[in-house]
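If you're wondering where the values come from, they're calculated on a predicted model, not measured in any experiment.
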Amino acid sequence: MPHPVASAGVALLVLILATGAAAQTSEGLSPTLAAIKSSHVVHLGYRESSPPFSFLDQANRPIGYSLELCEAVVDEIGVEVDDPNLKIEYVKVTSDDRIQAVLQNKIDLECGSTTANAERARQVAFSPLMFVAGTKLMVPKASNVQSVADLKGKTVVVTKGTTNEQAMHNADKKFALGLNVITAADHEQSYQTLVDGKADAFATDDILLYGLIARHKSQDKFRVTGDYLSYDPYGIMFRKGEPQLSAVVERTFRKLGSNHDLVPLYNKWFMSRLPTGERLNVAISPQLEDGFKAMDDSPVGNN
């Protein structure tokens with residue numbers, strides 16, 4: 001179902017892509033690219049429990065849709081710095097420390113489930129649109145909660161440092177709900193808080209809720225409900241003020257778009273069975289399909 005502010009969100013992403021003044025090193029490379037060329041290593045930030053974007057497989061290896069996009073960016077960085085054998089080092093981040101990890105040079109690309117918004121764009125840069133989500137509620141199957149209005153006086157768990165936390169505080173004020181909003185360190189802990197009966201609902205992006213339900217095979221225990229409480233366009237995060245790095249990221253998406261690889265990549269992670277066994281069956285949204293078409297520079301794509 002198209003979201004009424006989808007076009008505004010896409011426009012916002014265009015603004016977000018604008019980066020600050022160019023920073024170049026003596027090698028003629030921007031600082032991040034120069035550091036990668038010198039060390040031959042790209043540091044990718046991953047999340048432990050954000051399926052299918054960024055999560056651990058049975059062998060505790062980071063996998064996911066966002067990581068596969070980041071790995072394509074690494075290939076393009078290799079072209080830019082003339083090093084086809086760059087090594088990837090995976091660095092665990094959380095929703096609370098991911099922005100600092102970028103700012104403090106702990107990671108070069110953040111490959112998770114991060115909403116690109118104007119507030120964050122003051123600190124970091126974002127890739128083109130890779131997904132569109134929105135805040136919804138996970139509640140027990142037997143719960144009488146159908147919408148946020150039904151949460152009056154109840155406890156809601158959110159993951160610390162997410163846009164969903166702010167969305168719930170906004171809803172609390174708007175509808176005078178008297179909510180008790182509690183936080184957990186990551187999505188898995190938020191989910192467990194609901195399982196343990198310590199919250200009446202878990203609020204986060206709808207796709208992450210579906211991913212957690214599928215991963216835990218808990219379709220008979222929990223359901224996702226309510227209208228969207230926020231609009232959340234996802235992007236890969238990296239350091240701002242580096243137009244050369246931004247151009248490499250953009251070029252990666254345009255190559256994938258022009259080769260018509262973006263929709264198959266989406267289907268691999270959202271429609272097909274995941275390496276961990278579950279299947280989400282979440283069809284691509286019209287907004288994301290339009291975003292992917294905008295990345296297609298091929299002659300056919302421009303017809």
Side-chain angles (χ1 to χ4, degrees), residues 13 16-17 32-33 35-36 39 41-57 59-78 80 86-117 120-121 123-133 159 161-163 186-188 204-205 207-208 211 215 232-240 242 245-246 248-253 255-257 261-262 265-266 268-270 274-276 280 288 291-292 295:
L13 274 181
I16 284 171
L17 281 171
T32 297
L33 295 175
I36 289 170
S39 67
V41 174
V42 184
H43 295 91
L44 300 186
Y46 74 92
R47 301 286 295 278
E48 284 191 323
S49 56
S50 293
F53 299 94
S54 187
F55 61 114
L56 298 175
D57 66 10
N60 281 331
R61 289 174 303 208
I63 60 168
Y65 171 70
S66 304
L67 282 162
E68 201 160 339
L69 284 169
C70 277
E71 285 154 10
V73 175
V74 172
D75 289 341
E76 195 61 32
I77 289 173
E80 187 75 7
L86 292 174
K87 186 185 168 200
I88 291 175
E89 284 188 9
Y90 295 95
V91 180
K92 183 183 121 180
V93 297
T94 68
S95 55
D96 205 30
D97 68 16
R98 56 190 163 177
I99 293 175
Q100 285 305 311
V102 174
L103 296 177
Q104 294 168 3
N105 295 340
K106 291 178 180 173
I107 58 174
D108 301 308
L109 301 169
E110 190 266 343
C111 319
S113 50
T114 297
T115 300
N117 60 27
R120 288 172 175 171
Q123 300 182 77
V124 295
F126 285 95
S127 72
L129 184 70
M130 69 172 189
F131 192 78
V132 180
T159 305
T162 60
T163 53
D186 62 28
H187 296 313
E188 191 62 40
T204 196
D205 293 347
I207 187 60
L208 299 177
R215 190 170 196 191
D232 298 284
Y234 286 5
I236 292 165
M237 261 196 306
F238 53 97
R239 278 178 284 287
K240 77 178 286 169
E242 297 193 38
L245 177 59
S246 186
V248 170
V249 175
E250 169 101 6
R251 196 160 67 236
T252 304
F253 274 74
K255 280 188 178 180
L256 291 170
D261 290 333
L262 286 170
L265 180 62
Y266 176 95
K268 171 183 173 181
W269 291 99
F270 294 88
L274 296 176
T276 41
L280 295 184
L288 186 58
F292 285 171
M295 290 290 109

Correct closest heavy-atom pair for A133 and I207 would be CB-CG2, 4.1 Å
Ring centres under 6.0 Å, that's the criterion: do F53 and Y46 meet it? no
Do L262 and L69 have side chains that approach each other closer than 4.5 Å (heavy atoms only, starting at C-beta)? yes
Is a side-chain donor or acceptor of T115 paired with a backbone partner of D232 at a separation under 3.5 angstrom? no
Taking G161's backbone N and O only, do any of them form a donor-acceptor pair with R98's side chain (distance below 3.5 Å, no angle check)? yes
Spacing of CH2 belonging to W269 relative to CG belonging to L67, to within rounding of 0.5 Å: 8.0 Å
For G291 versus L129, what's the shortest heavy-atom pair and its separation? CA-CD2, 4.3 Å
Any non-hydrogen side-chain atom of P52 less than 4.5 Å from a side-chain atom of L280? yes
Please test I236 against E110 for side-chain contact (heavy atoms from CB on, under 4.5 Å), starting from the C-alpha separation and ending with a verdict. CA-CA 6 Å; I236 292 165; E110 190 266 343; 5.7 Å; no
State, with a plain yes or no, whether a side-chain heavy atom of L44 is found less than 4.5 Å away from one of E71. yes
Do you know the tightest heavy-atom contact between D57 and A59? OD1-N, 2.9 Å
Partners passing salt bridge (charged side-chain N to carboxylate O under 4.0 Å, His left out) against D96 (at least two apart in sequence or in another chain): K160
Working to the nearest 0.5 angstrom, can you tell me the gap between L245 CG and I36 CD1? 7.0 Å
Taking C-beta and beyond as the side chain, do F55 and E48 meet within less than 4.5 Å on heavy atoms? no
F238 vs S246 side-chain heavy atoms within contact, under 4.5 Å: yes
At what distance, to the nearest 0.5 angstrom, does CD of E89 lie from NZ of K106? 14.5 Å
If you look at every heavy atom in S113 and S50, which pair is closest and at what distance? OG-OG, 3.4 Å
Output for pair (D261 CG, K268 NZ), nearest 0.5 Å, gives 11.0 Å
Pairing residues for R251 by the salt bridge (charged side-chain N to carboxylate O under 4.0 Å, His left out) criterion, not counting sequence neighbours: E76, E80
Does any N or O in the side chain of S54 come within less than 3.5 Å of the main-chain N or O of G112, such that one atom is a donor and the other an acceptor? no
When rounded to the nearest 0.5 angstrom, what is the spacing between CG in L208 and CZ in R215? 12.0 Å
Step-by-step side-chain contact (heavy atoms from CB on, under 4.5 Å) determination, R61 to Y90: CA-CA 9 Å; R61 289 174 303 208; Y90 295 95; over 6 Å; no
Verify the ring-centre separation between F131 and F270: is it less than 6.0 angstrom? yes
How about T162 and H187: do any of their side-chain heavy atoms sit closer than 4.5 Å? yes
Flag, side chain of E68 to backbone of L265, donor-acceptor distance under 3.5 Å: no
side-chain contact (heavy atoms from CB on, under 4.5 Å) for L109 and V73? Distances and angles first, verdict last. CA-CA 9 Å; L109 301 169; V73 175; 3.7 Å; yes
Sub-4.5 Å side-chain heavy-atom contact between P51 and T276: no
The reported gap from CE in M130 to SG in C70 (rounded to nearest 0.5 angstrom) is 7.5 Å
May I ask you to decide if A121's main-chain N or O and K240's side chain share a donor-acceptor pair within less than 3.5 Å? yes
Measure the shortest side-chain to side-chain distance between R239 and D108 over non-hydrogen atoms and say whether it is less than 4.5 angstrom. yes
I'd like to know if the side chain of D186 and the backbone of E188 have a donor-acceptor N/O pair within less than 3.5 Å. yes
Looking only at atom types and distance, does a side-chain atom of N117 sit under 3.5 Å from a main-chain N or O of R120, one as donor and one as acceptor? yes
